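Numbered from 1 within each chain, the chains take letters A, B, ... in sequence-line order. Computed from a predicted model, the values in this text were never measured in an experiment.
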Amino acid sequence: MGYSVHSMNLITLLQDRLRLALTGLVDDPSPYAAMLKAANDPKHGDYQANCAMSLAKALGKKPPEVAKEIVARLPQDDLFEKVEIAGPGFINLRFRTEWLAAQMQAIALGDRLGITPAVKPKTYVIDFSGPNVAKPLHVGHLRSTIIGDSLCRLLRFLGHKVIGDNHLGDWGLQFGMLLHGYKHHRDDAALQGDPVRELARVYVMLRKKIKPAEDVEDEPANAKNYPPDELAESQAVLAACRQETSKLHAGDPENLKLWKQFMPWAMAEIEAIYKRLDVKFDETLGESHYHSMLADVVRDLRAKGIAQESRGAIAILFGENQPAAIIQSSHGAYTYTTTDLATIRYRVERWNPDEILYVVDFRQALHFQHVYDAARRWGYDQPKYHHVSFGSVLDPKSRKPFKTSEGGAATLEELLNEAVQHAAKMYVQICEERRQRGDEIPELSPGELKQVHEAVGIGAVKYADLCQNRESDYVFSLEKMTSLEGNTATYMQNAYVRNRGIFRKGDENSELYRTHPPPVLLGQPKERALALQLLRFEDALQSAVVDYRPNNVTAYLWDLAKSYSGFYEECPVLKAETPALRQSRLLLCDLTARTIQKGLELLGIRTIERM
RNA sequence: GCCCCCGUAGCUCAGCUGGAUAGAGCAGCGGAUUUCUAAUCCGCCGGUCGCAGGUUCGAAUCCUGCCGGGGGUACCA
């Protein structure tokens with residue numbers, strides 16, 4: 001049968017058909033062709049087109065008539081098995097099963113699972129992670145890092161040029177605090193032994209000291225909460241830290257030298273975590289990188305009339321009763337708005353990106369509005385700017401965002417350790433259960449075991465984060481995320497392992513199914529459903545990318561796992577009735593495994609061959 | 001005060017460019033299964049989609065108001 005491979009993007013494929021059918025009926029068919037979705041009930045076919053209803057009024061006809069007309073205009077070929085008009089005018093489309101089978105064979109070739117790279121690749125700069133390097137990473141940094149990394153992977157896989165940039169907080173007050181702390185509170189012995197830890201200690205100590213002063217600056221009425229002498233000392237320390245920061249910014253040799261000394265210490269710790277998380281950046285250009293450009297940015301913005309003097313500071317105004325954005329304080333200091341604008345200029349000049357994504361906490365929404373608005377007025381209006389905002393990670397006890405700066409809340413490292421330990425504990429428990437049942441347990445070397453626990457533990461944390469809609473807050477629960485049940489990384493990793501087990505047990509070389517894919521038979525409903533689900537992979541990736549929502553990938557994988565599970569229950573693979581059926585099912589298994597593996601990879605989650 | 005976001009099953013959350021009876025997971029209840037295995041499967045129970053209006057063939061989804069929660073709101077980032 002000579003089915004050609006069109007595009008593995010089912011939605012695009014169908015929309016193209018619909019657009020053809022609609023041409024001549026309406027002036028602009030695209031919005032109507034877009035009214036297409038996967039049917040939520042198999043009774044309604046595979047996909048449903050919903051345009052007839054809304055088109056009816058414009059054409060002055062009844063919806064079923066319009067639907068009939070559209071169906072008559074659909075290209076006549078072998079794509080559909082059935083096209084039905086139902087209800088108030090839905091057009092239900094069902095693919096020919098033979099066509100699905102042919103696609104299976106086609107996408108098995110090559111390593112892209114049928115997904116073709118973007119025809120018009122775009123350039124993306126993705127600004128993510130951006131930790132404050134003076135303090136240890138904590139749960140709050142998790143989301144930006146994980147979501148940003150996943151978006152990099154997804155866009156890159158779809159053929160775009162991606163620059164992942166870690167915009168470090170390496171130049172602000174936090175370093176003034178370290179400088180002050182180093183000069184007045186350091187413990188030389190501790191510094192010799194473990195400089196990273198000693199710096200962290202000093203930082204936490206100063207954070208505490210400064211808090212009253214900051215509280216009172218926020219809200220003068222808070223003054224009554226503190227004893228006057230404690231408050232006075234706090235204010236003095238804060239002033240001293242600011243002084244150190246200013247000196248650093250002014251190029252004071254001693255402070256600059258210390259800064260250069262502190263940086264590698266601080267970075268070593270952060271990089272260890274990135275390595276463990278398997279997160280890489282193309283650039284790590286922190287705030288310090290832009291420092292020398294800030295004066296010029298302010299000058300240029302003033303010269304162009306975008307910024308002006310206001311209440312003693314240099315500010316960009318956004319209309320009456322709107323808060324302004326300060327780009328230079330009345331003391332002469334630059335702000336993060338200034339740095340972000342300098343960063344935009346740098347990025348545009350260096351990469352000329354089509355889009356710049358900021359994977360940052362939702363609380364900074366107003367700041368980014370200011371920055372985008374200012375950047376456009378400044379002339380940098382060609383890139384699209386997106387604040388890929390996300391909600392907070394909530395402490396299950398307090399139901400409030402995790403706080404670390406003041407208290408002893410978990411650092412990210414502790415959290416990851418806990419997750420990995422939990423994975424190890426689960427492993428022992430499950431092995432025990434299996435031993436009691438008399439099952440064979442794979443002999444894994446200690447090294448292999450460690451890899452497995454790491455992949456499972458870290459994967460669990462990542463997946464739990466990514467499978468949430470990023471905009472909503474979520475309650476952090478180690479129990480839930482490392483569970484074997486439900487939509488978790490462990491479940492998906494195990495689905496993969498179990499699938500690989502079939503090939504081992506059947507002594508089958510999966511490589512053969514990729515170079516010489518056998519014909520596929522989809523006689524059973526579960527086989528057909530699995531094939532259809534496999535073909536939806538590209539739709540899932542596209543939907544994840546257009547809204548910057550990796551949870552569309554996890555949702556897809558979960559559906560795939562369920563389709564596979566149904567198939568697995570009803571369709572024996574190694575014991576299939578005929579050799580041809582066995583071959584066909586092995587191909588479906590292999591495609592499933594590869595899709596799971598690729599999907600997880602695009603989320604930054606590792607698969608393992610055995611668990 | 002002003003601006004933004006959120007309010008969906010007992011719990012945790014999807015769904016929100018309007019579409020057919022509102023979906024998962026966990027918890028609860030009832031069956032099937034002892035395996036191609038670190039995941040059993042199927043069914044049931046459970047919802048005035050915060051409240052009230054409006055738009056229309058059709059609203060969890062769009063608009064307005066209200067209630068409740070969170071966040072932001074000029075010299076921190």
Given [options], which nucleotide is nearest the side-chain atoms of [X]?
X: A:E287; options: B:A38, B:A14, B:A77; result: B:A77
X: A:S310; options: B:G71, B:A77, B:A74; result: B:A74
X: A:L366; options: B:G72, B:A38, B:C13; result: B:G72
X: A:L317; options: B:U21, B:U12, B:A74; result: B:A74
X: A:P323; options: B:A38, B:U73, B:A74; result: B:U73
X: A:Y568; options: B:C36, B:A38, B:A20; result: B:C36
X: A:F90; options: B:C36, B:G19, B:A74; result: B:G19
X: A:N551; options: B:A74, B:A20, B:G15; result: B:G15
X: A:Y336; options: B:C36, B:A77, B:U21; result: B:A77
X: A:Q364; options: B:A77, B:C36, B:C75; result: B:A77

Requested in this report: Give a yes or no on whether the backbone of A:W558 and the side-chain of A:N487 come within a donor-acceptor separation of less than 3.5 Å.
Outcome: no

Within the sub-3.5 Å range, which N or O atoms of nucleotides 55-60 of chain B have a protein N or O partner, and how far apart are they?
residue	atom	partner	partner atom	Å
B:C57	OP1	A:K57	NZ	3.1

Counting only heavy atoms from other residues, nucleotides and ligands, does the tally under 6.0 Å from [atom1] of [X] exceed 12?
X: A:Q322; atom1: CD; answer: yes
X: A:K68; atom1: NZ; answer: no
X: A:N509; atom1: CG; answer: yes

Using the [atom1] atom as the point on both nucleotides, what is the distance between [M] and [N], in whole Å?
N: B:U8; M: B:C62; atom1: P; value: 16 Å
N: B:U55; M: B:C75; atom1: P; value: 46 Å
N: B:A32; M: B:C13; atom1: P; value: 36 Å

Query raised in the report: Would you call A:R19 and A:D28 a salt bridge, taking side-chain N to carboxylate O under 4.0 Å as the test?
Result: no

Counting the atoms with a prime plus P, OP1 and OP2 as sugar-phosphate, which does [X] contact under 4.0 Å by heavy atoms, base, sugar-phosphate, or nothing?
X: A:P572; value: base
X: A:A365; value: nothing
X: A:N469; value: sugar-phosphate
X: A:V456; value: base
X: A:H331; value: nothing
X: A:R363; value: sugar-phosphate
X: A:Y334; value: sugar-phosphate
X: A:A86; value: base
X: A:N92; value: base
X: A:C241; value: nothing
X: A:D41; value: base
X: A:V475; value: sugar-phosphate
X: A:A315; value: base

Report task. I would like to know whether A:D590 and A:R585 meet salt bridge (charged side-chain N to carboxylate O under 4.0 Å, His left out); could you show each step before the answer? Result -> CA-CA 9 Å; A:D590 189 50; A:R585 286 180 179 166; over 6 Å; no

Distance, nearest 0.5 Å, that separates [atom1] of [X] from [atom2] of [Y]:
X: A:C589; Y: A:Y564; atom1: SG; atom2: OH; answer: 4.0 Å
X: A:W259; Y: A:F175; atom1: CH2; atom2: CZ; answer: 7.0 Å
X: A:L394; Y: A:F476; atom1: CG; atom2: CZ; answer: 12.0 Å

Query - Between B:C13 (P) and A:E471 (CD): distance, integer Å - result: 15 Å

Query raised in the report: Stacking here means centres under 5.5 Å and planes under 30°; does A:H367 stack on B:A77?
Result: no

Query - Ring-base stacking, A:F362 with B:G71 (5.5 Å, 30° cut-offs) - result: no

Query - Aromatic ring proximity, centroids under 6.0 angstrom, A:H249 and A:W171 - result: yes

Query raised in the report: Could a donor-acceptor pair under 3.5 angstrom be found where the side chain of A:Q174 meets the base of B:A77?
Result: no

Report task. Could you tell me whether the side chain of A:S330 has a donor or acceptor atom within less than 3.5 Å of a complementary atom in the base of B:C75? Result -> yes

Requested in this report: Classify the ring geometry between A:H370 and A:F318 as parallel (under 30°), tilted (30 to 60°) or perpendicular (over 60°).
Outcome: parallel

Report task. For RNA chain B, just give me the dot-bracket, please: Watson-Crick or G-U, both distances below 3.5 Å, ( ) intra-strand, [ ] crossing earlier pairs, | paired with another strand, . unpaired. Result -> (((((((..((((.....[...)))).(((((.......))))).....(((((..]....))))))))))))....

Query raised in the report: Has A:N40 got a side-chain N or O lying under 4.0 Å from the OP1 or OP2 atom of B:A20?
Result: yes

